[in-house]
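Inspection log for the structure reproduced underneath, given as structure tokens.
Chain A is the first sequence line, chain B the second, and so forth, proteins listed ahead of strands; every chain is numbered from 1. What you see below is based on every heavy atom in this structure, not just the backbone, and it leaves out hydrogens, waters and symmetry mates.
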Number of protein chains: 2
Amino acid sequence: MAVEYEFPRPALATDCVVFGFDGSELNVLLVKRGIEPYINVYALPGGFVRIDETVDECARRELYEETGVKDVYMEQLYTFGDINRDPRGRVVSVAYYALVRSTDYFPHGGTDASQAGWFKINELPPLAFDHKTILETAKQRIQNQIRYRPIGFELLDQKFTMTQLQTLYEAVLERKFDRRNFSSKILKTGVLDILDEKVQNVAYRAPRLMSFNRERYLQLTQEGFNFEI
Amino acid sequence: MAVEYEFPRPALATDCVVFGFDGSELNVLLVKRGIEPYINVYALPGGFVRIDETVDECARRELYEETGVKDVYMEQLYTFGDINRDPRGRVVSVAYYALVRSTDYFPHGGTDASQAGWFKINELPPLAFDHKTILETAKQRIQNQIRYRPIGFELLDQKFTMTQLQTLYEAVLERKFDRRNFSSKILKTGVLDILDEKVQNVAYRAPRLMSFNRERYLQLTQEGFNFEI
DNA sequence: ATTCTTTGCGTTTTTGATACGCAAAGTTAG
DNA sequence: CTAACTTTGCGTATCAAAAACGCAAAGAAT
């Protein structure tokens with residue numbers, strides 16, 4: 001397996017910031033490292049790029065291998081290329097972020113066996129390498145993206161209430177919206193289908209469910225429509 | 001100089017999309033390749049990352065070595081990691097974009113000796129590798145950035161007229177603005193100093209010159225101000 | 001002196017953002 | 001069963017910004 005090159009090369013890795021939403025707060029998926037360096041310290045899921053896979057494929061593979069998360073929304077974030085970001089030597093890392101329905105994967109708090117778990121975005125443990133920096137970059141990116149593109153729906157169940165959607169936006173953007181203005185603004189875009197279905201077993205008045213209409217969204221964007229909250 | 005690794009590694013390179021403005025159109029700086037593959041085909045300036053430099057440093061160094069451009073505004077764009085993007089083998093490239101005052105460097109059209117030259121963004125020659133994709137990504141990025149951050153000033157002389165600034169915005173965003181609304185909107189932000197100086201030797205009424213006040217911009221952004229055109 | 005183009009400063013109109021009123025739905029408490 | 005209470009759903013009023021446009025002064029060209 002050993003290989004020889006004419007000139008030294010940095011190693012190339014990927015790391016992934018996985019965001020989840022538990023209904024009230026934004027969470028991040030972290031794995032506890034089992035080997036040195038930073039043994040027993042939490043880190044972003046990630047690993048080295050293989051020679052026969054694209055960088056995107058590497059990010060998906062590592063995420064699946066380390067956390068079981070697959071088939072999720074994923075986007076490249078930024079490449080971190082400082083010289084001393086990894087004590088093992090020169091490692092350049094292409095960072096990604098992913099959005100998942102957190103209830104699909106782990107119970108909140110994580111199973112200790114898997115060494116992976118959800119952490120509230122504002123209550124993070126110490127992190128290995130420069131992963132704190134990566135995470136802050138990812139948080140800024142998702143705050144930007146959610147205002148201009150309908151990525152928020154990746155974090156919710158297919159059917160959701162308007163209040164759930166608003167709570168998500170408030171958690172990501174860390175600010176409050178007026179309930180009535182938020183609702184009419186979102187509905188005005190026309191990308192939501194209002195379903196003939198209401199939430200069951202709920203205190204007080206039951207809200208109706210809605211779903212994101214992806215076809216309608218794509219159609220509208222092609223016509224020069226701009227999703228902006 | 002030869003080195004051995006336990007596992008094969010992709011080579012890591014940088015490429016840079018250099019934007020310039022000639023007063024009426026947006027231009028891109030390209031270099032003609034002198035070696036195979038793609039000999040005599042135009043490409044973005046770039047090259048391989050050395051083991052003792054950061055990825056950012058590599059982008060600046062390669063840009064200077066191949067075009068003489070240095071000390072300019074530069075930002076990371078995206079990392080291109082497909083398997084077959086380079087016929088020499090596995091090469092992952094971190095792309096950057098830079099903004100320069102194009103008159104500072106080459107006469108428009110380029111000097112043939114240097115094998116580097118400016119091309120209008122909408123009249124590009126065939127490009128090597130996946131550089132067309134990189135360039136399109138860069139164009140989208142600059143169109144986004146110029147609306148929210150005052151990067152346009154990097155493309156103009158220190159002193160400029162309001163019409164020059166508007167022409168730049170129209171060239172980048174490929175749309176027209178109303179002269180009076182554009183002017184008042186920019187002036188209202190407060191980041192421009194109006195100088196006691198007018199353009200000389202000009203037909204018809206001479207416009208006043210202005211300059212970007214970076215200190216004022218930084219002060220305003222710290223106070224939670226948002227530059228948006 | 002007159003014509004002509006650009007500049008500079010304004011107003012009007014339209015659109016969108018924000019604030020908030022209120023009644024109906026539907027559960028909980030007495 | 002009735003009253004109280006919370007959430008929902010739909011509406012309007014107010015305010016701020018965007019877009020459209022009017023007009024005269026500057027100043028070179030004729």
Side-chain angles (χ1 to χ4, degrees), chain A residues 23-24 143-144 146-148 156-157 159-171 173-211 220 223-229, chain B residues 23-24 143-144 146-148 150 152 156-157 159-171 173-211 220 223-229:
Chain A
S24 65
Q143 287 179 337
N144 275 317
I146 203 172
R147 301 211 57 208
Y148 304 110
L156 293 173
D157 291 336
K159 298 176 182 178
F160 52 86
T161 68
M162 187 59 80
T163 302
Q164 286 171 342
L165 185 64
Q166 181 177 344
T167 306
L168 165 60
Y169 271 79
E170 291 178 342
L173 295 172
E174 293 175 323
R175 54 166 289 207
K176 295 292 180 185
F177 292 93
D178 178 88
R179 179 180 60 84
R180 293 149 293 186
N181 291 335
F182 182 84
S183 174
S184 57
K185 200 167 172 181
I186 296 263
L187 290 177
K188 178 165 52 63
T189 67
V191 299
L192 288 194
D193 292 336
I194 298 176
L195 307 177
D196 284 335
E197 200 176 342
K198 294 192 175 179
V199 175
Q200 302 297 319
N201 303 321
V202 69
Y204 306 117
R205 181 176 178 176
R208 57 193 179 186
L209 288 166
M210 24 198 86
S211 67
L220 285 170
E223 293 168 5
F225 147 94
N226 185 21
F227 182 91
E228 182 170 344
I229 300 300
Chain B
S24 66
Q143 286 179 338
N144 275 318
I146 203 172
R147 302 210 57 210
Y148 303 111
L156 293 174
D157 290 336
K159 298 176 182 179
F160 52 86
T161 69
M162 188 59 80
T163 302
Q164 286 172 341
L165 185 64
Q166 182 177 343
T167 306
L168 165 60
Y169 271 78
E170 291 179 340
L173 295 173
E174 293 175 324
R175 54 166 289 208
K176 295 291 180 185
F177 292 92
D178 178 87
R179 179 179 59 84
R180 294 149 291 187
N181 291 337
F182 182 85
S183 174
S184 58
K185 201 167 171 181
I186 297 263
L187 289 177
K188 179 165 54 63
T189 66
V191 299
L192 288 194
D193 291 337
I194 298 175
L195 306 177
D196 284 335
E197 199 175 342
K198 293 192 175 180
V199 175
Q200 302 297 319
N201 303 322
V202 70
Y204 307 116
R205 181 175 179 176
R208 57 192 179 186
L209 288 166
M210 24 199 86
S211 66
L220 285 170
E223 293 168 4
F225 147 93
N226 185 20
F227 182 90
E228 182 171 344
I229 299 300

Audit row: B:Ile229, B:Ile146, side chain to side chain contact (heavy atoms under 4.5 Å, CB included) steps and yes/no: CA-CA 8 Å; B:Ile229 299 300; B:Ile146 203 172; over 6 Å; no

Nucleic acid contacts of residues 174-185 of chain B, taken as heavy-atom distances under 4.0 Å to DNA chain D: B:Asp178, B:Arg180, B:Asn181, B:Lys185

Contacting residues from residues 163-171 of chain B, given that a heavy atom lies under 4.0 angstrom of DNA chain C: B:Thr163

Walk me through whether B:Ile194 and B:Leu187 qualify under side chain to side chain contact (heavy atoms under 4.5 Å, CB included). CA-CA 9 Å; B:Ile194 298 175; B:Leu187 289 177; 4.1 Å; yes

Inter- and intrachain pairs under salt bridge (Lys or Arg N to Asp or Glu O under 4.0 Å), touching residues 192-209 of chain B, at least two apart: B:Lys159-B:Glu197

For atom CG of A:Asn226 and atom P of C:dG16, their distance in whole Å: 12 Å

Every protein N/O lying under 3.5 Å from an N/O of nucleotides 13-15 of chain D:
none

Contacts of B:Val202 meeting side chain to side chain contact (heavy atoms under 4.5 Å, CB included) (sequence neighbours excluded), chain-then-number -> B:Val199, B:Ala206, B:Pro207

Using the ring-ring contact (aromatic ring centres under 6.0 Å, His included) criterion, which residues pair with B:Phe177? Sequence neighbours excluded. B:Phe182

What residues, two or more places apart in sequence or in another chain, satisfy salt bridge (Lys or Arg N to Asp or Glu O under 4.0 Å) together with B:Lys188? none

Can you list, by residue number, the residues of residues 188-207 of chain A that have a non-hydrogen atom closer than 4.0 angstrom to DNA chain C? A:Lys198, A:Val202, A:Tyr204, A:Arg205, A:Ala206

For A:Asn144, enumerate each residue passing the side chain to side chain contact (heavy atoms under 4.5 Å, CB included) test, keeping only those at least two apart in sequence or located in another chain. none

Residues at least two apart in sequence or cross-chain that pass side chain to side chain contact (heavy atoms under 4.5 Å, CB included) with B:Thr163, listed by chain then number, are B:Thr161, B:Thr167

Residues passing the salt bridge (Lys or Arg N to Asp or Glu O under 4.0 Å) test with A:Asp178, sequence neighbours excluded, are A:Arg180

Decide side chain to side chain contact (heavy atoms under 4.5 Å, CB included) for A:Gln166 and A:Ile186; before the verdict, give the C-alpha distance in whole Å, the side-chain angles of both, and the deciding distance to 0.1 Å. CA-CA 10 Å; A:Gln166 181 177 344; A:Ile186 296 263; over 6 Å; no

Taking all heavy atoms of B:Leu168 and all of B:Gly152, pick out the closest pair and write down the distance. CD2-O, 3.2 Å

How long is the line joining CD1 of A:Ile229 and P of C:dT18, in whole Å? 11 Å

What is the distance, rounded to the nearest whole Å, between atom CZ of A:Arg208 and atom C1' of D:dT8? 9 Å

Got a sec, which residues hit side-chain hydrogen bond (donor to acceptor under 3.5 Å, both in side chains) with A:Gln164, two or more places apart in sequence or on another chain? none

What one should report as the nearest heavy-atom pair of B:Leu192 and B:Phe160 is CD2-CZ, 3.9 Å

